[in-house]
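Naming: A, B, ... by sequence-line order, numbering from 1 per chain.
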Amino acid sequence: MPRIVGLTGDGAAAEAMRQIDPDVVAAYPITPQTEIVERFAEFVAEGLVNTEFVAVESEHSALSACCGAAAAGARAITCTSSQGLALMHEILYIAAGNRLPMVLTNVNRTLSAPLNIHCDHSDSMGSRDSGWIQLYCENVQEVYDTVIQAVRIAEHPEVNLPVMLNLDGFVISHSMQPVELMDDAAVKEFVGPFRPVVDLLDFQNPIALGALVAPEFQFEHKYAQWRAMDSARGVIGEVGREFGEGTGRHYGLLDPYRLDDAAVVVVVMGSAAGTSRAVVDELRSSGVRAGLLRVRAFRPFPADEITAALEGREAVAVLDRAGTQGGEGGPLFTEVRAALYTRGVSLPVLGYIYGLGGRDVPPASLRRVFEHVRRAAATGKVDRAVNYLDLRGWK
Amino acid sequence: MTRIAPPPRGLPAWQEIPLGGIVAGPGNSHEYLTGSWRTRRPIHDPGKCTSCMICWLFCPDSAILVEEERVVGIDTGHCKGCGICARECPIEGAMVMAEGGSY
Amino acid sequence: MAVNLKKLAGQGSPLAPGHRLCSGCAAPTVAKQALLAAGKPAVVVQPTGCLEISSVVFPYSAWRTPYYHNAFENAAAVASGIEAALKARRRRGDLPADLDVAIITIGGDGGTYDIGFQALSGALERGHRILHICYDNGAYMNTGIQRSGATPFGAWTTTSHVGQALKGKPERRKDLTAIVAGHNPAYVAQASPHNFRDFMRKVKKAVDADGPSFINVIAPCWRGWRFPEEETIEVARLAVDTCYWPLLEVQDGKWTLNYVPRKKKPLADWLRKQGRFSHFFEPGNEWMLEHLQAEVDRQWEELLTRAGVER
Ligand code: SF4
Ligand code: SF4
């Protein structure tokens, strides 16, 4: 029987890991991910898991050990945040290029400098082209559910890629919310046994992984990897649906809210979607046809699905919790705009950069965003493409 | 276990690249010839050789051919002509280097 | 462990020909001797380096054992993960409970002394049952002979040139074997491929040890050290005979010298063979030879004391 308990985002991730009972967990503590490692170490100490817990000396080694484990036919999980993810950067590409399925829970925290332990998406956005599937969670329940789904997505035979799921540091990682947990047995059954494709411990069929590749092969290697990422688009939906059948909680690439007849729409990822929902409700009750499109999968990028969801709207604002230094607007904004343009959909799109380094996003701020979108809808024009929400001194 | 595609030949299309670029052909570098690198060549004298296997152990290119516990010659497709075999051979004249790479 | 070369040769080399290392390279010989000695299923992990880029060039592999290269600085961490996988899968019943596997990382001095050191130190401290073999060729040879933490004092490299202002590498090399011994792993040794019986016995001991093990093996590089290619093994031998590279073991805090030359050869015998030290023999640079000889003498004396060798 499912039961409801109060858990933080970190606690929920750890609980899901306990139920998955992976072969290997290698991780290094970093604020605000630390509680996941601590909790899991407790499960190990209490004998509640069969996992080999490798308490490594750095995040670089954490991901390296996961690569070794996955290449040796083990189900491997790690978790990190911010600087830790940056330290893993080199190995992120290798895990994906080696086609090693594994799961990484990243607790979103801004990247130094300045040094700051609070949330934004600059860490995971810095890894967006590393070849990892990226999913962004809105609340604690989704964190729990997504850790479990991530195992299936990563190990799907058409995918064989690592999955990074993201949760907003402190906002989700440290906020206590009621979470409906599955039975241990139900989780076991859902994830199933790991059937590795790559297995260094198969001495009957010795393999060499990590070869040097000449220019005449590199492109084909990378394209094969891209195709696997494309396949993940369908698999994320498939796994999310199957998960929904068992739990009543359905997941996909996108999570639309009151979108059907919406004229003005905000596109957002992560915990800010929660506040956005409240503002949408408020606007709806005063007669504004407001809607929300939460993007759950950023990699693979659901360009077709986003275009379909936004086509015919009067105006849209895309909110990014990360900037692109020297680029035009945040990463989600640029990709949404490119998707619309490529598909011949023309509508005013405003870009907003918000919430850097843990700056709160109160309803009042989102109301201002919607006002701006309504203005763009009325004029059919974008007065300013890149906007900075609640930035002092910015006019 | 899902099988990984065998090493492709020639210039494969992306579909033919084995998952993750894995080489499922242990020791298949044997197909790649390095004998043309040679500018000197070892000459083995089976009459003098005691098959002590010193040259076999020290040859960096696994190019000393052994059959039934006897050294039977040089793998000319792979020997790079370094001369270590001749240098380390304890028997005078059993393995000597000659100028020129071709046999 | 008695080494029967005839029998081993009958089994064939664990490293196939067709790799693309320079002719006369010591590294494949080190790897070959190690795998011949392991005597059980082995998984090889390599950091980036000469041996790595030359032995697994897509779509070819020279290794007849499972092999993984991930990155430069993390071989020991990758091996930690493999060891963890082995344990977990044995426990789960997915692999036979008594499956004994030698997990061997083989790295150069870059992947061991320098960029790979953190991962190695971490793995040693955590106690993973892996063997790390360093083929120490005393510089970053893969990128073209740049100085490393293993490069001896005074040696020429392409980042420690010999000029008017500088005469090769001004600093001494680190004593990595002692640093590793400071981690108190199950087994530590120093070896040379010329003395294959000693090296192979050490490998067997290492892979059977109940914990992490480390063997530092001298691996002369004729391109970088500047000597004729057929002398690779000879140059290793001289490094040992001049006591530059002592053959030793450390177990349970006890240091053992495996070879004490009846008459220690002068270091100059070894240096003179190598172009990287040729400036040692130019007028005005006599102090360099004296300095390095004094350093080697001091370390040798220290070792004799540590190992309790009667003088
Ligand atoms: S080292 Fe000389 S004697 Fe020994 S096997 Fe080789 S050729 Fe024969
Ligand atoms: S010359 Fe070198 S490569 Fe050729 S057989 Fe002798 S040792 Fe091997």
*Look at the side chain of B:Arg87 and the backbone N and O of C:Glu234, then say whether any donor-acceptor pair between them is shorter than 3.5 Å.*
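The answer is no, because no donor-acceptor pair under 3.5 Å joins these two groups.
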
Largest heavy-atom contact set with chain C, pairs under 4.5 Å, which of [options]:
options	value
B:Pro6, B:Gly83, B:Gly27	B:Gly27
B:Pro12, B:Cys59, B:Ala63, B:Cys85	B:Cys59
B:Pro26, B:Pro7, B:Ser29	B:Ser29

*Decide whether a cation-pi geometry holds between C:Arg20 and B:Tyr32; the criteria are a distance under 6.0 Å from NZ or CZ to the six-membered ring centre and an angle within 45° of the ring axis.*
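Yes, cation above the ring, under 6.0 Å and within 45°.
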
*Validate the cation-pi geometry between C:Lys6 and B:Trp56: distance from NZ or CZ to the six-membered ring centre under 6.0 Å, angle to the ring axis within 45°.*
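The answer is no, since C:Lys6 fails at least one limit relative to B:Trp56.
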
Check [Y] with [X], please: is the shortest side-chain N to carboxylate O separation under 4.0 Å?
X	Y	value
C:Lys204	C:Asp208	yes
C:Glu230	B:Arg40	yes
C:Glu249	C:Lys202	no

Part of [X] within contact of chain C (heavy atom distance under 4.5 Å):
X	result
B:Leu57	both
B:Ile54	both
B:Cys79	neither
B:Ser51	both
B:Glu88	side chain

*Give a yes or no on whether the ring-centroid distance for C:Tyr244 and C:Trp270 is below 6.0 angstrom.*
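Between C:Tyr244 and C:Trp270, the centre distance is under 6.0 Å.
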
For chain B, which candidate among [options] shows the most heavy-atom pairs at distances under 4.5 Å?
options	result
C:Cys22, C:Ser13, C:Pro17	C:Pro17
C:Pro14, C:Pro193, C:Pro66, C:Ser23	C:Ser23
C:Val56, C:Leu15, C:Thr232, C:Leu8	C:Leu8

*Return the orientation label for the C:Phe196 and B:Phe58 ring planes: parallel under 30°, perpendicular over 60°, tilted otherwise.*
perpendicular

